[in-house]
Number of protein chains: 2
Amino acid sequence: MSAGVEWAIHCCVVLSQADGPVPAPRLAEFHGISRTYLAKHLQALSRAGLVSSTEGRVGGYVLTRPADRVTVLDIVLAVDGSEPAFRCTEIRQNGPLPAGPEACTRPCGVARVMHAAEQAWRASLKDVTVADLAESVTADVGAGTFPALRDWLAG
Amino acid sequence: MSAGVEWAIHCCVVLSQADGPVPAPRLAEFHGISRTYLAKHLQALSRAGLVSSTEGRVGGYVLTRPADRVTVLDIVLAVDGSEPAFRCTEIRQNGPLPAGPEACTRPCGVARVMHAAEQAWRASLKDVTVADLAESVTADVGAGTFPALRDWLAG
DNA sequence: GCATTCATACTCGGATATACTCTGTCCGAGTTCTGCAGG
DNA sequence: CCTGCAGAACTCGGACAGAGTATATCCGAGTATGAATGC
């Protein structure tokens, strides 16, 4: 899995606590990561419609939806792509003893199992929102975190 | 996800229905895939202890355990590695406003969510055995499939 | 006819090239703020 | 003092290299078979 997913999720949590638009370089500096590469992933979020970008001197990124309407799954799919991890190549239709296409009216058992597992994975990610993550931050490192963040963003 | 996972699973299903050892080239020919590359993945299964290899003229691969004791998760982890897909880099400890290591007594919320999703994925794969897959094959393409397979392997 | 020996053919296993995606970077297009000149 | 304008600085967006991993391949080590040979 792409490491940019982690960056994107953390950035969304920060954006949910910011008052106005936050530029990409500021987000990168806050997390101590590469400015230019983070910008690439933020572009992916923008293409997916999760964040809205404004240009100009006071521009930056803003969450388009309320934090409790943005799921972790949304972010993961936006950054890593929405294609399933497992792609069935139908090898049962190859070789000297093939199961003809007419006999394969539904996906083979292997594909069904992998698909079900991916659905379970997605369902688990869909249950958690950015708002939930923000709450967990305050629970983990203290309630003063986000006010300090806002101060740092303003200064 | 590696495409070799699909190959390995199908090969395990075939091995569960074979009477004796099956050589890697035979498995590759049956599925219409690369001989040498399949051999590499079978080596992974051998290292993981899922299959046992015998050399010599009548050698080949055999399942070490009964088919109903081999889960799809076992095969996936053997081929793709057992490391989790998501690796937390603890970027909350970076930047100008870091959450010190002393405040991070447990994994951050993001890591917890990703870990839970991966657990759900693994649990789903662990529920299905090679025996279940073999049963689904007979249900999908007919009961005469495996006898024909055994005939082809013998011939 | 039977045991022994040897050549052989077949198997697996690891070491070796290539293609593709992820990672990281750079520069151009566009927009807003700010300073200044003029009325 | 207010308004209009021009410049500049800052922003995003897409196009451009490098590294790591998945893909594909080859050849060497080892073993059971089978035939040939000697008794």
Side-chain angles (χ1 to χ4, degrees), chain A residues 1-8 11 15 18 20-29 31-64 76 78-87 89 91 153, chain B residues 1-8 11 15 18 20-64 76-87 89 91 153:
Chain A
M1 171 171 311
S2 161
V5 171
E6 183 185 9
W7 299 3
C11 285
L15 288 180
V22 182
R26 195 67 64 91
L27 284 171
E29 186 187 2
H31 291 111
I33 55 184
S34 163
R35 286 182 295 278
T36 54
Y37 192 31
L38 176 63
K40 193 178 186 61
H41 293 302
L42 291 176
Q43 287 171 28
L45 294 181
S46 179
R47 271 193 294 268
L50 294 181
V51 300
S52 176
S53 65
T54 57
E55 294 183 342
R57 193 163 185 176
V58 293
Y61 289 98
V62 185
L63 281 182
T64 54
V76 172
V79 174
D80 261 12
S82 58
E83 297 171 9
F86 180 84
R87 197 178 72 83
T89 58
I91 64 176
L153 286 176
Chain B
M1 172 172 310
S2 161
V5 171
E6 182 186 9
W7 300 4
C11 284
L15 289 180
V22 183
R26 195 68 62 91
L27 285 171
E29 186 187 1
F30 180 78
H31 291 110
I33 55 183
S34 163
R35 286 182 295 279
T36 54
Y37 192 31
L38 175 63
K40 190 176 186 63
H41 292 302
L42 291 176
Q43 286 171 29
L45 294 182
S46 178
R47 272 192 293 269
L50 294 181
V51 301
S52 177
S53 66
T54 58
E55 294 183 343
R57 193 162 184 176
V58 293
Y61 289 97
V62 186
L63 282 182
T64 53
V76 172
L77 294 185
V79 173
D80 261 12
S82 59
E83 296 171 9
F86 180 84
R87 197 177 73 83
T89 58
I91 63 177
L153 286 177

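Chain identifiers are assigned alphabetically (A, B, ...) following the order of the sequence lines, protein sequences preceding nucleic acid strands; residue numbering begins at 1 within each chain.
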Notebook entry, point to check: With the sugar-phosphate defined as primed atoms, P, OP1 and OP2, and the base as all remaining atoms, what B/S/- string results for nucleotides 16-22 of chain C, 5' to 3', for protein heavy atoms under 4.0 Å?
Noted result: -------
Notebook entry, point to check: With the sugar-phosphate defined as primed atoms, P, OP1 and OP2, and the base as all remaining atoms, what B/S/- string results for nucleotides 7-13 of chain D, 5' to 3', for protein heavy atoms under 4.0 Å?
Noted result: ----SSB
Ignoring hydrogens, what is the shortest heavy-atom contact between [X] and [Y]? Give both atom names and the distance.
X	Y	value
B/Met1	B/Asp80	CG-OD2, 3.5 Å
B/Glu6	A/Ile91	OE2-N, 4.2 Å
A/Ala24	A/Leu38	O-CD2, 3.9 Å
A/Gly59	A/Pro23	O-CG, 3.8 Å

Could you tell me if the side chain of [Y] sits less than 4.5 Å from the side chain of [X], heavy atoms only?
X	Y	value
B/Ile33	B/Leu27	no
A/Ser2	A/His41	yes
B/His31	B/Trp7	no

Notebook entry, point to check: With respect to B/Leu45, which candidate in B/Val79, B/Leu15, B/Leu63, B/Thr64 satisfies the side-chain contact (heavy atoms from CB on, under 4.5 Å) definition?
Noted result: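 Among B/Val79, B/Leu15, B/Leu63, B/Thr64, the one that satisfies the side-chain contact (heavy atoms from CB on, under 4.5 Å) with B/Leu45 is B/Val79.
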Atom [atom1] of [X] to atom [atom2] of [N]: distance rounded to whole Å?
X	N	atom1	atom2	value
B/Trp7	D/dT23	CH2	P	8 Å
B/Arg35	D/dT25	CZ	P	8 Å
B/Glu6	D/dA22	CD	P	17 Å
B/Glu83	D/dA22	CD	P	10 Å
A/His41	D/dG14	NE2	P	15 Å
B/Glu29	C/dT11	CD	P	11 Å
A/Ile91	D/dT23	CD1	P	13 Å

Check: Just checking A/Ser34: base, sugar-phosphate only, or nothing, at a heavy-atom cut-off of under 4.0 Å?
Finding: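 Sugar-phosphate contact only - A/Ser34 comes under 4.0 Å of backbone atoms but never of a base.
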Notebook entry, point to check: Do A/Arg35 side-chain atoms and A/Glu29 backbone N/O form a donor-acceptor pair below 3.5 Å?
Noted result: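 Pair absent, no side-chain N/O of A/Arg35 close to backbone of A/Glu29.
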Check: Is it true that a side-chain atom of A/Ser53 and a backbone atom of A/Tyr61 form a donor plus acceptor pair closer than 3.5 Å?
Finding: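 No, because the side chain of A/Ser53 does not come within donor-acceptor range (under 3.5 Å) of the backbone of A/Tyr61.
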Next item on the list: Mind running side chain to side chain contact (heavy atoms under 4.5 Å, CB included) on B/Thr54 and B/Val62 for me, showing each step along the way?
Entry: CA-CA 8 Å; B/Thr54 58; B/Val62 186; 5.5 Å; no
Check: So what is the end-to-end bend of the helix from C/dG1-D/dC39 to C/dG39-D/dC1, with 5 pairs used at each end and the value given to 10 degrees?
Finding: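 End axes: 0° apart.
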